[in-house]
Amino acid sequence: MEPAFPWFPSIPILNPDPNNPLNWRASTVIGGSPGADDPASGIGRILINEVLTHTDLPQLDSIELFNPNTTNVDVGNWYLTDQRTVPQKFRVPAPKVIPAGGYVVFTENDFNAGPGSTNGFRLDSHGEEVYLYSADANGNLTGYSDGFSFGAAQNGVSFGRYVISTGEAQYPAQILNTLGAANAGPRVGPVVINEIRYHPAPGDERVHRAEKHHQRAGETL
């Protein structure tokens, strides 16, 4: 059974929107710190930034990590997994330093080096999840994690981290695969839903509607 890390406000005492998950983090201490402010975490924040989940050779399933910090972060002994409830699968060899603002990419040659092993995995092209967990030199989890669930992928098309206007991170399909570099941005189709009318005012006889916008110049729907 893995140790429990309760959740605490990212900024002790001051948490203007407790319903926003972005304002919470795992406790620094196993079991939490009841009756006191939780100590600041000394673990560098590392993000799963891009994943390639549907491949045919010569492409390989891949997971890219990004270090958004201004200092280097050693992710040696951390774990990558395709099951959130089974965090301790692929253990990153130590040392593995990601420079400030830098990237590192792991492929299935790393996290599935021994096919059939209980700790090895491939990413499911039909959709599943991918998570990163911090750990110490003894393999014990230390409270930090990052990851997401994804759906079915087009062959050779990656999913990449994209922060929307509310500050929420989403993981849409990308225009280009840019493993080891900044993401290219979301892949957007030629037609998008531009406006939705779903709750007319009382007495308004106009029907519910959805407006579509065609994005290719010189063409109409």
Side-chain angles (χ1 to χ4, degrees), residues 1-8 10 21-22 24-32 38-55 60-69 71-151 153 158-161 169-171 179-180 183:
M1 188 175 186
E2 298 301 334
F5 292 89
W7 287 84
F8 284 82
S10 298
L22 296 176
W24 294 85
R25 64 167 174 83
S27 171
T28 304
V29 183
I30 296 175
D38 196 64
S41 174
I43 301 171
R45 182 169 172 253
I46 298 295
L47 306 173
I48 295 183
N49 195 56
E50 186 177 3
V51 296
L52 185 59
T53 65
H54 187 173
T55 58
L60 298 171
D61 288 6
S62 302
I63 302 171
E64 175 195 86
L65 305 183
F66 170 57
N67 177 6
N69 304 288
T71 56
N72 298 345
V73 176
D74 186 357
V75 296
N77 297 309
W78 291 27
Y79 290 97
L80 284 169
T81 182
D82 63 340
Q83 290 180 271
R84 188 176 185 179
T85 56
V86 186
Q88 292 162 307
K89 284 198 172 184
F90 169 64
R91 190 175 184 184
V92 177
K96 192 65 171 181
V97 176
I98 307 178
Y103 302 84
V104 67
V105 178
F106 296 99
T107 74
E108 59 185 279
N109 287 340
D110 300 303
F111 50 79
N112 195 35
S117 165
T118 56
N119 290 335
F121 64 92
R122 289 196 65 195
L123 299 172
D124 191 335
S125 62
H126 297 96
E128 53 168 348
E129 55 192 5
V130 59
Y131 277 85
L132 171 72
Y133 286 87
S134 64
D136 61 23
N138 295 319
N140 300 310
L141 300 181
T142 54
Y144 176 79
S145 66
D146 183 67
F148 61 97
S149 298
F150 56 87
S158 66
F159 294 108
R161 191 173 189 272
Q170 297 186 352
Y171 301 86
L179 294 162
N183 290 345

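Worth saying up front: this structure is predicted, and the values here are computed from it rather than measured.
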Please give me the minimum heavy-atom distance between [X] and [Y], naming the atom from each residue.
| X | Y | value |
| --- | --- | --- |
| Tyr133 | Leu141 | CB-CD2, 4.0 Å |
| Gly139 | Gln88 | O-NE2, 2.7 Å |
| Leu60 | Leu52 | O-CD2, 3.7 Å |
| Gly143 | Ser134 | N-OG, 3.7 Å |
| Glu64 | Gly180 | OE2-N, 2.6 Å |
| Val105 | Ser62 | CG1-CB, 4.1 Å |

If the condition is side chain to side chain contact (heavy atoms under 4.5 Å, CB included), which residues does Asn67 pass it with, not counting sequence neighbours?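 Side chain to side chain contact (heavy atoms under 4.5 Å, CB included) list for Asn67, sorted by chain: Ile46, Asn69, Val73, Ile98.
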Quick one: list whatever passes side chain to side chain contact (heavy atoms under 4.5 Å, CB included) with Asp74, sequence neighbours left out.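 If we apply the side chain to side chain contact (heavy atoms under 4.5 Å, CB included) test to Asp74, skipping adjacent residues, the hits are Pro95, Lys96, Val97.
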Please enumerate all residues that pass side chain to side chain donor-acceptor pair (under 3.5 Å) together with [X], with sequence neighbours excluded.
| X | value |
| --- | --- |
| Asn183 | Asn49 |
| Asn77 | Arg91 |
| Arg45 | none |

Main-chain N/O of Glu50 paired with Ser158 side-chain donor or acceptor, under 3.5 Å: no
Spell out, as yes or no, whether a donor-acceptor pair under 3.5 Å connects the side chain of Asn138 to the backbone of Asn140.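 Answer holds: no.
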Which distance, rounded to the nearest 0.5 Å, do you find between the [atom1] of [X] and the [atom2] of [Y]?
| X | Y | atom1 | atom2 | answer |
| --- | --- | --- | --- | --- |
| Phe159 | Thr53 | CZ | OG1 | 5.0 Å |
| Tyr79 | Leu132 | OH | CG | 12.0 Å |
| Ile48 | Asp146 | CD1 | CG | 5.5 Å |
| Phe66 | Leu47 | CZ | CG | 7.0 Å |

Which class fits the ring pair Phe111 and Phe90: parallel under 30°, tilted 30 to 60°, perpendicular over 60°? perpendicular
Please assess Asp61 against Phe121 for the test side chain to side chain contact (heavy atoms under 4.5 Å, CB included), listing each intermediate value before the final yes or no. CA-CA 10 Å; Asp61 288 6; Phe121 64 92; over 6 Å; no
Have a look at Lys89 and tell me which of Asp82, Asn119, Thr118 forms a side chain to side chain donor-acceptor pair (under 3.5 Å) with it. Asp82
4.5 Å side-chain heavy-atom contact, Trp78 and Leu65: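 Side chain of Trp78 against side chain of Leu65, heavy atoms only: no contact under 4.5 Å found.
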Would you check if Leu123 and Glu128 make a side-chain contact, meaning some heavy-atom pair closer than 4.5 Å?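 Yes, side chains in contact.
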Please collect all side-chain hydrogen bond (donor to acceptor under 3.5 Å, both in side chains) contacts where either partner lies in residues 101-116, sequence neighbours excluded, each pair once.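 Checked against side-chain hydrogen bond (donor to acceptor under 3.5 Å, both in side chains) - neighbours excluded - the pairs reaching residues 101-116 are Glu108-Arg122.
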